[in-house]
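What follows is a short report on a single structure.
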Amino acid sequence: MIDIKLIRENPEKYKSACKNKNVFADIDRLLKIDGELREVKQKLQEIVTEKNAIGKSIPKLDDSEKKEALGKLAAIKDEESEFSEKVKVLEPEFNHLLMHVAQPADEDVPLGKDDTENIEIRKEGSVREFDFEPKDHMQLGLELDMIDMERGVKLAGARNYFLKGDGALLHWAVLRFAMDYMTEKGYVPMAVPLLMRDHAMRGTGYFPGAEEQTYQMERDELSLVGTSEVPVTAYYMNEILAGDQLPKKFVAMSSCFRREAGAAGKDTYGLYRIHQFDKVEQVIICENDNEQSDKFHQEILANSEGVLKALGLPYRVVNVCTGDLGRGQAKKFDIETWMPSRNAYCETHSASKFYDFQARRMNLRYKDPRTKKNVFCHTLNNTVIATPRVLIPIMELYQNADGSITVPQVLREYIGGKEIIK
RNA sequence: GGAGAGGUGGCCGAGCGGCUUAAGGCAACGGUUUGCUAAACCGUCGUACGGGAUAAACCCGUACCCCGGGUUCGAAUCCCGGCCUCUCCGCCA
């Protein structure tokens, strides 16, 4: 959410921010409603002030004065309800409009319409050249009995799967390695609830907007999260933290659920785009300071790169262009890992910087020890590892001519010391 | 799922229609005393929004005693709905 004061001061900035991000927000309408609402609220306040003053004097009045005062109050109350009705109409519209305004992208974010215009920052690692005909992860998964897509679909519909045997073990190995890697860096591990109320979904910026991507438990008014970013970032929602306790660094492992509505026919092959996966996610809550946000943005990016390097996977980092940024993100680095079967670098990580956009929505603040003021925190998050998507490059890049898969060194301790899957 | 009790400031806890501008205590902060620490004493001690003044401290108003409605001239207090917590019982991995 954007501070309405900033929008009043510079509406053009937010109009172009929305335009560049392909986010619709009616800022003219917002400002019009804002002006009306402010006027009505001020008038209402004046009316209530008078009402309170008269009401307070009533016990001290004699009968005839009291009668007169009550008559006056009746008129005032009519006026009061007239104005409070106006507030009741204007305020929800105001809030609704404000929720849609996008966070402007940083100046060094490339202007672009969609992910095809993201800018590569650097490439790391070298892409393996095969001296045999490589198999894709589905062939390998089938032959080594690691993946069973057919029965996943039979029982749960399209984009569902079973991982079996070494497939399941490799999946968990990746997650456990990522958890250990992050907790060693001092990130506090968390296991989190996955069914969230709307206020957490709104607070993180997913609602309004991503309802179609979300499995919703209508009967219980809960939503299945698409990422543990939601519970972790919203953990301190509506709280005031002590400034000297920041930054808070968390790492959570959870299942993630996505309807993938509107993606029909896209990435239908294999384990790339699926309804349910597991992810280790890192979240930082820090002070309201752009330099700190930048610093931690680099930190969470470096953490994820460290994991990929440890796994020996080639990847590239891209600066995500405006058109591919979410409403709340000021800047985002995606990490794309090389996937031989797709013959491309494909998104495996997404490091987002929000400034106070999320914190403002969820009323997450800290007390600044210097000024003693309560200020909104900054929040950031990034994938540490998401699997089974990352099993695609692991299985494909570590395959051998005989159809076996070499287990990456760092994962062996999590898979019973096994070096080769065959 | 059934029965009961309850949600008040950072925390504990009183208040149960106007005297609340929420008592009292704890914690915190500032000061006095002190060789230092502790203690004692004095003072300060919520948030948001609007208006005014300003270099700032500040002043005025409104709202907030879990949330949302209602009754009333007036609600922390009474009524209705919701959420949550605790105790007991039942069921259960």
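Chain letters run A, B, ... following the sequence lines, proteins first and then strands; every chain starts at 1.
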Exercise for the section: Assign Q42(A) to base, sugar-phosphate, or nothing according to its heavy-atom contacts below 4.0 angstrom with the strands shown. Expected result: sugar-phosphate

Problem - Pairing nucleotide - rC64(B), Watson-Crick or G-U, each distance under 3.5 Å - result: rG46(B)

Exercise for the section: Give K373(A) one of three labels, base, sugar-phosphate or nothing, depending on what nucleic acid heavy atoms sit under 4.0 Å from its own. Expected result: nothing

Under 3.5 Å donor-acceptor pairs involving side-chain atoms of residues 192-202 of chain A, not counting sequence neighbours:
none

Exercise for the section: Please confirm whether Y235(A) and F250(A) have ring centers closer than 6.0 angstrom. Expected result: yes

Handout entry: G-U wobble or Watson-Crick pairing nucleotide for rC19(B) (cut-off 3.5 Å, both distances)
Key = none

Problem - Salt-bridge contact R29(A)-E93(A) (side-chain N to carboxylate O under 4.0 Å) - result: yes

Handout entry: Nearest-Å distance once atom C1' is located in both rA5(B) and rU32(B)
Key = 48 Å

Practice task
Using Watson-Crick or G-U wobble geometry with both distances below 3.5 Å, tell me the partner of rG35(B), or none.
Solution key: none

Exercise for the section: Go ahead and name the base partner of rG9(B); Watson-Crick or wobble counts if both distances stay under 3.5 Å, otherwise write none. Expected result: none

Handout entry: Whole-Å C1' distance, rG17(B) and rC79(B)
Key = 13 Å

Fill in the blank from the handout: Per nearest nucleotide of RNA chain B, the residue lying toward the 5' end, I240(A) or K77(A), is I240(A)

Completion exercise
Assert: residue with more 5' nearest nucleotide on RNA chain B, out of L73(A) and A53(A), is A53(A)

Fill in the blank from the handout: Counted 5' to 3', the first and last nucleotides of RNA chain B within 4.0 Å (strictly under) of a heavy-atom of chain A are rG18(B) to rC84(B)

Problem - Under the ring pair (Phe, Tyr, Trp, His ring centres under 6.0 Å) test, residues paired with Y398(A) that sit two or more places apart - result: none

Practice task
Provide the distance between the two P atoms, one in rA14(B) and one in rG68(B), to the nearest whole Å.
Solution key: 25 Å

Pairs of donor and acceptor atoms involving the side chains of residues 155-164 of chain A, under 3.5 Å and at least two apart or interchain, shall be tabulated with distances.
unit_1  : atom_1 : unit_2  : atom_2 : d
R159(A) : NH1    : K266(A) : O      : 3.3
R159(A) : NH1    : D267(A) : O      : 3.3
R159(A) : NH1    : R273(A) : O      : 3.0
R159(A) : NH2    : A263(A) : O      : 2.8
R159(A) : NH2    : K266(A) : O      : 3.0
Y161(A) : OH     : Q276(A) : O      : 2.5
K164(A) : NZ     : D145(A) : OD1    : 3.1
K164(A) : NZ     : D145(A) : OD2    : 3.3

Fill in the blank from the handout: Pairing partner of rA76(B), by Watson-Crick or G-U wobble and under 3.5 Å for both distances, is none

Practice task
Please determine, for rA3(B), whether a Watson-Crick or G-U wobble partner exists with both distances under 3.5 Å, and give it or none.
Solution key: rU87(B)

Handout entry: For rC58(B), the Watson-Crick or wobble partner whose two distances fall under 3.5 Å
Key = rG52(B)

Exercise for the section: Kindly write out the residues that satisfy salt bridge (charged side-chain N to carboxylate O under 4.0 Å, His left out) with E413(A), not counting sequence neighbours, or none if the list is empty. Expected result: none

Name every donor-acceptor pair, under 3.5 Å, that has one atom in a side chain of residues 45-53 of chain A and the other anywhere in the protein, sequence neighbours excluded.
unit_1 : atom_1 : unit_2 : atom_2 : d
T49(A) : OG1    : Q45(A) : O      : 2.7
K51(A) : NZ     : E80(A) : OE1    : 3.2
K51(A) : NZ     : E80(A) : OE2    : 3.4

